[in-house]
Amino acid sequence: MKSINSTRPPDFIRNIIRQDLKANKNNGRVVTRFPPEPNGYLHIGHAKSISINFGIALENEGGVCHLRFDDTNPSKENIEYIESIKSDIQWLGFDWGKHLYYASDYFEKLYRYAAQLIKDGKAYVCSLSAEEIREYRGTLTEPGKESPYRNRSVKENLELFEQMRKGEFEDGSHVLRAKIDMASPNLNMRDPVLYRIRHESHHRTGNKWCIYPMYDFAHCLSDSIEGITHSICTLEFEDNRPLYDWILNALNVDCHPQQIEFARLNLSYTIMSKRELRQLVEEEYVNGWDDPRMPTISGLRRRGYTAEAIRNLCERTGVAKSNSVVDIALLEYCIREDLNRRAPRVMAVLRPLRVVIDNYPEKQVEELDAQNNPEDPGMGTRRIPFSRVLYIEQDDFREDPPKKFFRLAPGREVRLKHAYYIKCTDVVKDKKTGEVIELHCTYDPATRGGWSSDGRKVRGTLHWVSAAHALKAEVRLYEHLFTKTNPHDVKDGSDFKANLNRHSLEKLTSCPVEPNLADAKPGSRYQFLRQGYFCVDCVDSRQGALVFNRIVSLRDSWARIEKAGKGKS
RNA sequence: UGGGGCGUGGUGAAGCGGUAACACAGCGGACUUUGGAUCCGUUAUUCGGAGGUUCGAAUCCUCCCGCCCCAGCCA
């Protein structure tokens, strides 16, 4: 009953649990569960559910959260998904301990529960076709009609149900239905289907079964079997709650969990439907479920997001019942916040511009000291080679600088981070295109380390890499996968794919990066000074052929000034 | 037009009859060897609307409006 994490302001679900605890409703037990169907990869919306369910278990003494695969539909599910789901949950930092379950493990029990319902006259075998069942169901405004098979005898129902199990019927020829109320205003209560025939091999039970329970039947009973106290799910199941309760009441089970619904997480510029994400994968709009642009856990992980940042997002967005869309800027804030204190700084040039320091000795090389992270001096320093020919960022030079541009320009002096002040003395252009291809500069030997003793001020500080020592890396820049805040905002006749961002991936090759990166390990994260946070790609990066993913850029106030038109000359 | 939910600033979200927390975004400034980080200031006389109850309402009542979900043998 003690709260381990008492700093969190309670949300409505935690309030309910707190009151239940106070009233000793479940003998002080708190048991939640995360019940994914293994038919796709987990995404950041699932992370929210995971964070709520496992989080609540963690906060309550003796609290437990089960991982249960809701594997009742063999045609959509497979083992690959089970494995990915397990590793994603672990990577997020949650542990189900010994509480790993499968709804398919309960098939025998579920079958007996169904038989019990039949014996009690609360379920029947219906031999209407799928189409007929739909017609008989009625509409939102008109009541349904009772099935002609509704009043079969218990004996006949039992025999038929057994024959269904034995495989004596074809798919679709019969279903088991609950006998509730065809006139109910809640369509879920109009004699819902409990079991269907599917002659299909299941990834765990093989060919043992050819009838499979429906979600509504399997879910509540699985919860009950496991002794779940609070069954937390998303809003769209609100209408299923009366059925959840009906089944448990009809069977008079000992454990009757409480279903509580909350609003799923939505992010701007993102889709969060497994079906649609699968479409992007299968139709090759992205390169797999773990494409760094995907909102999947595996995609975010490969991109370089930390579990901590994702957990943080889940906490900051709160738990409520109103449909909402969280600004993706909050996710970006969370990862910057985390990486700002953890990521070592390093210099890398994305779009190189050659700079020759004319007054620097031809063959000289100096090793300059650089702090690894100004936020954390404990992370130490490293040495960076400096020589006569360097690369700087193309963006850091303007021949005709606008107002408030304090980077390099003809005649201007700037600081090279950790190195020297340099002044631009000459600009070399391509004769045909007019493109700036090289800069000539002079350096001030008295400013070693980037300081001057004469009180001279320089506004700009640039990052750079020594040309002779640079490693050449591939850098992948990502933008939002969609161009619109709401990807579903489309003209009639098209779908979310019309809003795909063509520029969501840009590959830069041969980017000069500082030699200290030679041993960078896959998955390690760095801040490329003045640019953003980058992660060594776990799939494509090789020693000697490094590949970096941009996780997120740094906040760029110059870009904002320029965009606002304040940087005009 | 059946049923179930939800409406608080740009986005999330507290508030539970005593006079609108917090976070992100934005804007302004300070500081700065990352135009990063950090710090400070600032943004709802008002809580979907209209009535009503009350000394007092985002909170209680009535009516209205808007948005989301439900007619799979998916979950």
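Below, chains carry the letters A, B, ... as their sequence lines are ordered, and counting in each starts from 1.
Judged by Watson-Crick or G-U wobble contacts below 3.5 Å, the nucleotide B:rG2 has B:rC70 as its partner. Remark: B:rU59 base-pairs with no nucleotide in the shown strands. Criterion, Watson-Crick or G-U wobble with two distances under 3.5 Å. Pairing of B:rA13, defined by two Watson-Crick or G-U wobble distances under 3.5 Å, is not identified with any nucleotide. Both distances falling under 3.5 Å, in either a Watson-Crick or a G-U wobble arrangement, place B:rG41 opposite B:rC27. As the counterpart of B:rU46, no nucleotide is assigned, since no Watson-Crick or G-U wobble pattern has both distances under 3.5 Å. Checking B:rG7 for Watson-Crick or G-U wobble geometry (two distances, each under 3.5 Å) identifies B:rC65 as its partner.
Residue contacts for A:Leu330: at a heavy-atom cut-off of 4.0 Å it reaches the sugar-phosphate backbone alone, with no base atom in range. Counting any heavy atom pair closer than 4.0 Å across all strands shown, A:Asp239 reaches a base atom. At a threshold of 4.0 angstrom between heavy atoms, the contacts of A:Leu194 with the nucleic acid are absent. Within the nucleic acid shown, A:Val193 comes within 4.0 Å of sugar-phosphate atoms alone, with no base atom in reach, counting heavy atoms only. Nucleic acid contact class of A:Pro36 (heavy atoms, under 4.0 Å, all strands): none. Across all strands shown, A:Arg177 has no heavy atoms under 4.0 Å from either base or sugar-phosphate atoms. Residue A:Thr461 is classed as a sugar-phosphate contact, given heavy-atom separations below 4.0 Å to backbone atoms only. Nucleic acid contact for A:Glu238: sugar-phosphate only, since backbone atoms but no base atoms lie under 4.0 Å from a heavy atom of the residue.
Under the 3.5 Å distance criterion, the side-chain polar atoms of A:His203 are left unmatched by any main-chain donor or acceptor of A:Ile79.
Residue A:Asn186 contributes atom CG, which lies 12 Å from atom C1' of B:rG5 at whole-angstrom precision. Put simply, CD on A:Glu200 is 13 Å from C1' on B:rC74, counting in whole angstrom units. The distance between atom CG of A:Leu140 and atom P of B:rC68, rounded to the nearest whole Å, is 15 Å. Between A:Asn15 atom CG and B:rA14 atom P there is a gap of 10 Å when expressed in whole angstrom units. For the pair A:Leu462 CG and B:rG35 P, the interatomic distance rounds to 8 Å; values are reported in whole Å. Remark: P of B:rA75 and CD1 of A:Ile247 are 12 Å apart, rounded to the nearest angstrom. We find that CE of A:Met189 is positioned 15 Å from C1' of B:rG2, with the value rounded to whole Å. B:rC24 atom C1' lies 14 Å from atom CG of A:Leu265, rounded to whole Å.
On the C1' atoms, B:rA37 is 24 Å away from B:rG12, given to the nearest whole Å. For the C1' atoms, the distance linking B:rC61 with B:rC67 amounts to 24 Å, nearest Å. Nucleotides B:rG15 and B:rC60 are separated by 13 Å at their P atoms, to the nearest Å. Across B:rC31 and B:rC39, the matching C1' atoms stand 8 Å from one another, rounded to whole Å. Annotation: B:rG35 and B:rC40 have their P atoms spaced 22 Å apart (nearest Å). Comparing B:rA50 with B:rA25, their C1' atoms are spaced 33 Å from each other, to the whole Å. The gap from the C1' atom of B:rG9 to that of B:rA58 amounts to 14 Å, rounded to the nearest Å. Here, B:rA20 and B:rC24 have their P atoms 23 Å apart, quoted to the whole Å.
Side-chain to base pairing of A:Gln527 with B:rU34: one donor and one acceptor N or O lie within less than 3.5 Å of each other. Donor-acceptor pairing under 3.5 Å, judged by distance alone, is absent between the side chain of A:Arg530 and the base of B:rG35. For A:Asp556 and B:rG35, a side-chain-to-base donor-acceptor distance below 3.5 Å is absent, hydrogens and geometry of angles not being considered.
Taking the six-membered ring where the residue is Trp, A:Tyr81 and A:Tyr41 present perpendicular rings, their angle passing 60° and hence far from 30°.
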Report task. Take A:Asn373 and A:Glu375, measure what side chain to side chain donor-acceptor pair (under 3.5 Å) needs, and give me the verdict at the end. Result -> CA-CA 5 Å; A:Asn373 187 344; A:Glu375 299 298 314; over 6 Å; no
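Looking at A:Arg530 and A:Glu393, no side-chain N of the basic residue comes within less than 4.0 Å of a carboxylate O on the acidic one, giving no salt bridge. Between A:Glu308 and A:Arg341 a salt bridge is recorded (basic side-chain N to carboxylate O distance below 4.0 Å). Salt-bridge annotation for A:Arg68 and A:Glu226: present, with a side-chain N of the basic residue lying under 4.0 Å from a carboxylate O of the acidic one.
Taking the centre of each ring, A:Tyr149 and A:Tyr136 stay at or above the 6.0 Å mark.
Within a 6.0 Å radius of NZ in A:Lys423, no more than 12 heavy atoms belonging to other residues, nucleotides or ligands are found.
Glycosidic conformation of B:rG72: syn, with the torsion inside 90° of 0.
Map A:Asp171 and A:Ser324 each onto its nearest nucleotide of RNA chain B; the residue landing nearer the 5' end is A:Ser324. Where A:Ala559 and A:Ala320 each meet RNA chain B at their nearest nucleotide, the meeting point lying more 5' is that of A:Ala320.
Between A:Arg555 and B:rU34, a side-chain N or O to OP1/OP2 separation shorter than 4.0 Å is absent.
The aromatic ring of A:Tyr215 is not stacked on the base of B:rA75, since the criterion of ring centres less than 5.5 Å apart with planes inclined by under 30° is not met.
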